[in-house]
Each structure stands twice: as C-alpha cells, then as structure tokens.
Amino acid sequence: LQNSLQKCMDWGNESGLIFSPEKSEYMIIHGTKKAPGDLSLKLNNLHISRVYDAKYLGVIIDSRLDWSMHILEKIKKVKRLIMATTNSLGRTWGPSPKLIIWLYTCCLRPVLTYGCLVWGRKLNKYKTKRLNSLQRLALMQAANFRDKMPIETVNALFGVPPPQIYIKELIAKSYIRLEKSPLIEQ
C-alpha cells in the first residue's frame with residue numbers, strides 16, 4: 001500500500017499537485033465486526049492517521065459501509081429543522097396544513113434522502129422505524145391529531161408514502177436515469 005501511495009505522490013509531483021500529510025487520512029473498509037489492525041502509512045515521511053468514518057460530498061462513509069452514522073445524522077438534522085418550524089406554530093394557528101406538507105416533502109425530505117442511491121439498500125428495521133417516526137413527527141405538525149394515531153393513517157391522510165417506499169422509488173428512478181445516460185457505458 002505504501003508503494004501505491006508513493007506512486008500517487010510521484011504522479012502528483014509530475015502534475016503539479018501537492019498532497020498535504022496533515023489533511024490526509026486513511027480508512028480501511030471491511031465487512032467484519034472486528035476492524036483490521038492499523039497500517040503504518042507515510043506521506044512525505046509523516047504518518048497518516050487512520051479514521052473509521054469520513055464525510056465526503058455530504059455523505060458520512062463508515063468503515064463497515066452500513067451507513068448507520070449517516071442516516072442517524074440526517075435524522076437528527078431534519079428533526080432539528082422540524083422542531084425549529086414547530087416552534088413557530090400553534091395548535092390552532094400558523095401555516096396551513098398544505099404548506100406544512102409542502103415544507104416536509106419539498107424541503108426537509110430531500111435533506112433526509114440525500115445520497116440514498118448509495119445507502120438506501122442498507123435500511124433495516126431499526127433505521128426504517130426511525131425514519132417512520134421522523135416522518136410522523138413532521139406530518140403531525142400539519143393537523144391536530146391524537147398522539148396515538150398510527151403512522152400508516154397519517155401517511156394515508158396526507159398522501160405521503162412511507163420513507164422506505166419513497167427511498168426505493170428514488171433509487172429506481174436514479175437507476176433508470178443513469179441507465180439512459182450517455183456517460184455510462186452499456
């Protein structure tokens with residue numbers, strides 16, 4: 001691995017690129033519960049630190065590729081946004097239910113589902129339950145419902161599909177779009 005790193009350094013020098021050891025880090029991606037041992041990698045004779053997760057283009061990649069950290073961070077972010085909008089509403093006054101549904105489906109849900117083409121197939125019962133709970137919280141702001149109303153009923157009343165179905169739909173649409181792309185070789 002050190003030889004490959006040196007080849008990258010040589011290519012960078014020839015191309016006028018400078019790699020910064022202080023900003024460089026490495027991650028070992030593995031499928032096992034127990035992480036492999038650390039490697040001793042050097043860049044310009046300085047050790048590169050190992051990380052177990054990294055944020056790249058807004059997606060948190062972890063060393064096991066189970067995407068839990070990314071999904072839970074997105075849920076936290078959207079929940080904060082829901083709570084910020086909730087604080088500006090009252091039970092009997094505020095924006096119309098139509099506006100609240102629009103806010104969730106057009107503004108908050110895209111934040112939640114960003115990158116789902118990559119992580120969507122890793123949804124399990126726990127992550128799905130968290131996503132459903134978040135959607136229920138958002139939709140409950142649109143009308144004065146009983147607290148015990150099931151998520152399926154709330155989804156049906158507003159015509160909003162469950163998050164896991166919506167994510168699968170986005171993945172399918174992306175796959176079809178990419179399949180037709182002239183940039184992708186058939």
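Just the heavy atoms: all of them, side chains too, but no hydrogens, waters or symmetry mates, feed the values below.
- Side-chain contact between Q2 and L5 is present, with at least one heavy-atom pair separated by less than 4.5 Å.
- Side-chain atoms of K127 come within 3.5 Å of backbone N or O of K122 as a donor-acceptor pair.
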Please evaluate residues R177 and Y175 with respect to the criterion side chain to side chain contact (heavy atoms under 4.5 Å, CB included), reporting the C-alpha separation (whole Å), side-chain torsions for both, the decisive distance (0.1 Å), and the verdict. CA-CA 5 Å; R177 187 184 74 246; Y175 177 76; over 6 Å; no
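- For the residue pair P161 and R109, the shortest heavy atom distance occurs at CD-NH1, 4.1 Å.
- Under a 3.5 Å cut-off, the side chain of E25 and the backbone N or O of I48 do not form any donor-acceptor pair.
- Hydrophobic cluster membership is shared by M83 and M140, with clusters built from Ile, Leu, Val, Met, Phe, Trp and Tyr side chains linked at under 4.5 angstrom.
- Distance alone, capped at 3.5 Å, places no donor-acceptor pair between the S15 side chain and the G12 backbone.
- A donor-acceptor contact closer than 3.5 angstrom links the side chains of Y104 and Q135.
- When atom types are taken as modelled, the side chain of S133 and the backbone of K129 share no donor-acceptor pair closer than 3.5 angstrom.
- Between P110 and T105, the shortest heavy-atom contact is CD-O, 3.5 Å.
- Salt bridge K173/E169: present, at least one basic N to carboxylate O contact under 4.0 Å.
- Of the inter-residue distances, the one linking C116 atom SG with K74 atom NZ reads 11.5 Å to the nearest 0.5 angstrom.
- Hydrophobic clustering of Ile, Leu, Val, Met, Phe, Trp and Tyr side chains at less than 4.5 Å, counting indirect connections, unites W119 with Y114.
- Annotation for L43 and S24: closest pair CD2-OG, 3.4 Å, computed over non-hydrogen atoms.
- Rounding to the nearest 0.5 Å places CG of L65 at 4.5 Å from CD1 of I29.
- Around the CZ atom of F19, the shell of radius 6.0 Å holds more than 12 heavy atoms that belong to other residues, nucleotides or ligands.
- Side-chain atoms of Y126 and R130, non-hydrogen and from C-beta on, do get closer than 4.5 Å to each other.
- There is no path of hydrophobic side-chain contacts, each under 4.5 Å, that joins L170 to V118.
- Proximity of a side-chain donor or acceptor of N132 to a complementary backbone N or O of R136 within less than 3.5 Å is not detected.
- Between K79 and L134, some side-chain heavy-atom pair lies under the 4.5 Å cut-off.
- The closest donor-acceptor contact from the side chain of T153 to the backbone of M149 lies at 3.5 Å or more, if one exists at all.
- Looking at every heavy atom in both residues, D62 comes nearest to W67 through OD2-N, 3.1 Å.
- Residues I171 and R121 are not in side-chain contact: their nearest non-hydrogen atoms beyond the backbone lie 4.5 Å or more apart.
- Taken to the nearest 0.5 Å, the CZ atom of F158 stands 6.5 Å off from the CG atom of L139.
- A continuous path of Ile, Leu, Val, Met, Phe, Trp and Tyr side chains, each step under 4.5 Å between heavy atoms, connects L117 with V111, placing both in one hydrophobic cluster.
- Between the side chain of D66 and the backbone N or O of S68 there is at least one donor-acceptor pair closer than 3.5 Å.
- A 4.5 Å side-chain heavy-atom check between T85 and Q141 finds every atom pair outside the cut-off.
- The cluster map of Ile, Leu, Val, Met, Phe, Trp and Tyr, joined by side-chain heavy atoms under 4.5 Å apart, puts M69 and L57 in different clusters.
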Please assess L41 against H47 for the test side chain to side chain contact (heavy atoms under 4.5 Å, CB included), listing each intermediate value before the final yes or no. CA-CA 6 Å; L41 296 177; H47 285 281; over 6 Å; no
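- The distance from the CG atom of L103 to the CG atom of L108 is 4.5 Å, given to the nearest 0.5 Å.
- Y26 places a side-chain heavy atom less than 4.5 Å from the side chain of L39.
- Residues M9 and N44 are in side-chain contact: their nearest non-hydrogen atoms beyond the backbone lie under 4.5 Å apart.
- Residue I18 places its CD1 atom among 12 or fewer non-hydrogen atoms of other residues, nucleotides or ligands, all under 6.0 Å distant.
- Looking at I167 and Q164, their side chains never come closer than 4.5 Å, going by heavy atoms from C-beta outward.
- Interatomic distance, S4 OG to Q6 CD, rounded to the nearest 0.5 Å: 10.5 Å.
- Interatomic distance, CG of L99 versus SG of C106, reported as 10.0 Å (0.5 Å rounding).
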